[in-house]
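Below is one structure, written out as structure tokens, with a few remarks after it.
Keep in mind the model is a prediction, meaning the values are calculated, not measured.
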Amino acid sequence: MKTFLKFFLLLTITINAQTTTWDGSSWNNGIPNSTTDAIFTGNFTSSGDISAKSVTINNNSIITISSGDTFTIQDNINVNSGSSFIFENNASLLQINASAINTGNITYRRNSTPIRQFEYTYWSAPVTGQTLAGFSPLTAPDRYYSFDINTNNWFIENPNNTMQSGKGYAIRVPNNYTSTPQIYNGEFTGVPNNGNISASVVTYNPALLNYSLIGNPYPSAISVANLIDNSTLGTLYFWTHNTAINSNVFSTADYAIRTRNSGIAAISGGAVPGAYIAAGEGFFASSSTTGNITFTNAMRVAGNNSQFFKNTQADPLFYYYWLNMTNAGGAFKQISIGYEQGATNGYDFGIDAAPSPGTYITFYSMIDTGTYAIQGRSYPWNQDDVIPLGYNCTIADTFQIAIDHNDAFFVDKDIFLEDTDSNTFHNLKTGPYSFTSAIGTFNNRFKIRYTNPTLATDNNTVNPNTVYVYKEENNLTINSSVEEINTIQVYDLLGRTLLEKANINKNKAIINVLSQENQTLLVKIKLKNNQVLTRKLR
């Protein structure tokens, strides 16, 4: 019995201490995984995601994790002197054990979006030990900034200062940049950050606009929802520097906005910030209290690190659509409205966000007298919901309100814009709505509805039950017993148009769209009387 126990213990120790070594051409004990310690004694370049229990790099080896790949490591990292551990732009280092101890430096490469002379990018170090000047040596010595939450103003940093983990920094481009936009190829060098990391924040006061400049402290992307759920943060603001500097002043219209489940583009346009914050990125945030927030390993995610703004929806219980207000001269303002679990129809910190003032127009939805660029309402969706919209314009002109895009949930739902000035209802799903406006603030003119009250008394409206949609082998059959069919549009659940047929002018249409079995389809039917019906088929 003692012999058996001794053998069992030795076997357990052997299994738990499984090691595989890369000698520059192959692994001597198989490809590593989460239970295997990986030792590198020769050069290595990843060709996909890789994982290990721990990592040791010896023998002056150069280990390169390619762009887009994730190296997931359960425990410690040890980069011995003379060796290199390099993460290319968009690569990720994901560590699981918050207590793991790292020794030795990595190089984490992070490319900015294209920037011009005198412009700034908000950075945050994913490593410990990186100095400001070491990261951008050709930046003018007095052009490294942090944001002082006590004075609510920019603070000039000494270029020799080490970047603090979790803190955001505004760093101007190198002095040799020109008016032609170009990418800055940044390199962070230091011990990779891991585990709990604190950052100082201050209670947001709308009258002071006192945001806190913080940043992702890890060499991997983090989840916005997880960050907001586990901190006092409510709204995040990402600097896009879309607009060139003018008379030494930057435009506040260049901030894109993100709450827990929705984001909107900056007034100056550009990308919509998504569900993840990339490695190396700094951002402003509003907080409900003064003190410290804590970044944790639980917020870290694999991949999703390809750019600062990436729109991805993972939670099935929040659904949004985005509206743009524009004119022919280039004025632009975007808002989003949605429905999500946990939200109310009142103001919700972390879900609703105030608008940024625009140069020519400010567009918003309303909760009581408050104005919002992002508004999340109570889930489930209520077809009878009514949402007031408002706007301010500094020019008299013709404007348009249009749907920019929407989640798949709204593919089969009408979105009507009620204009109380003209007493009209316009279905934004059919196209933009044009209107003229004088200069001023208008908070009582427009409302969003999901039904058109005027259709309820329209004698030309047919009973929806007279329209049948069904599958027959590989064909889709639409049969309207009363009114002729005008157009048919077929979508998948991602909102992509699979097929569109116009000028049918028959009571029955048979089309072949069922190339994929068990695919759920959304079929939008417009009848000859302009009545629109939608059917879902599984």
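- Using a 4.5 Å heavy-atom threshold, the side chains of Phe410 and Ile403 count as separate.
- With hydrogens and angles left out, the side-chain atoms of Gln117 and Thr178 include no donor and acceptor closer than 3.5 Å.
- Rounded to the nearest 0.5 Å, atoms NZ (Lys526) and CD1 (Ile488) are 13.5 Å apart.
- Between Leu389 and Ile335 there is a side-chain heavy-atom pair separated by less than 4.5 Å.
- How far CD of Gln400 is from OH of Tyr433: 11.5 Å, rounded to the nearest 0.5 Å.
- In the model, Ser220 has a side-chain atom that pairs as donor or acceptor with a side-chain atom of Arg300 under 3.5 Å.
- Under 3.5 Å, the side chains of Thr441 and Asn392 contain a donor-acceptor pair of N or O atoms.
- When only modelled atom types and interatomic distance are considered, Asp352 and Gln375 share no side-chain donor-acceptor pair under 3.5 Å.
- In terms of modelled atom types and a separation under 3.5 Å, the side chain of Ser287 and the main chain of Gly234 share no donor-acceptor contact.
- With contacts defined as side-chain heavy-atom distances shorter than 4.5 Å, the pair Thr113/Ile183 does not qualify.
- Side-chain contact, Asn230 with Asn226: a donor N or O sits under 3.5 Å from an acceptor N or O.
- A donor-acceptor contact closer than 3.5 angstrom is absent between the side chains of Tyr364 and Tyr391.
- Nearest approach of Ala396 to Ile439, heavy atoms of both residues: N-CG1, 3.6 Å.
- For the pair Lys524 and Asp412, the salt-bridge criterion is not met [side-chain N within less than 4.0 Å of a carboxylate O].
- When only modelled atom types and interatomic distance are considered, Thr121 and Ser112 share no side-chain donor-acceptor pair under 3.5 Å.
- Classified by interplanar angle (parallel below 30°, tilted 30° to 60°, perpendicular above 60°), the ring pair Phe283/Phe238 is tilted.
- Side-chain contact check for Thr289 and Thr203: no donor-acceptor pair (N or O, by modelled atom type) lies under 3.5 Å.
- You'll find the side chain of Ile277 reaches within 4.5 Å of the side chain of Ile222, heavy atoms only.
- Using a 4.5 Å heavy-atom cutoff, the side chains of Ser480 and Lys508 are not in contact.
- Between the side chain of Thr294 and the backbone N or O of Ser198, no donor-acceptor pair lies under 3.5 Å.
- Taking all atoms of both residues into account, the shortest heavy-atom contact from Glu119 to Ile115 is OE1-CA, 3.5 Å.
- Partner Tyr204 forms a ring pair (Phe, Tyr, Trp, His ring centres under 6.0 Å) with one of Phe284, Tyr211, Phe349 and no other, that one being Tyr211.
- Under a 3.5 Å cut-off, the side chain of Thr259 and the backbone N or O of Ile351 do form a donor-acceptor pair.
- Residues Glu483 and Lys528 are not paired through a salt bridge, judged by the lack of any N-O separation under 4.0 Å between the basic side chain and the carboxylate.
- Each of Tyr321, Tyr320, Trp322 was scored for a ring pair (Phe, Tyr, Trp, His ring centres under 6.0 Å) with His405, with one residue passing: Trp322.
- A side-chain donor-acceptor contact under 3.5 Å links Asp148 to the backbone of Asn150.
- Remark: Ile387 CD1 to Ile367 CD1 distance equals 9.5 Å, nearest 0.5 Å.
- Counting only heavy atoms from C-beta outward, the side chains of Ile149 and Ser200 approach each other to under 4.5 Å.
- The pair Lys429-Asp414 does not count as a salt bridge, with every side-chain nitrogen at least 4.0 angstrom from each carboxylate oxygen.
- Asn324 and Gln334 form a side-chain donor-acceptor contact under 3.5 Å, judged by distance and modelled atom types alone.
- The aromatic rings of Tyr450 and Trp381 sit perpendicular to each other, their planes meeting at more than 60°, with 30° as the lower class boundary.
- Judged purely by distance below 3.5 Å, without hydrogens or angles, the side chains of Asn327 and Asp397 pair a donor atom with an acceptor atom.
- Residues Thr344 and Ser378 have side chains that never bring a donor and an acceptor to within less than 3.5 angstrom of each other.
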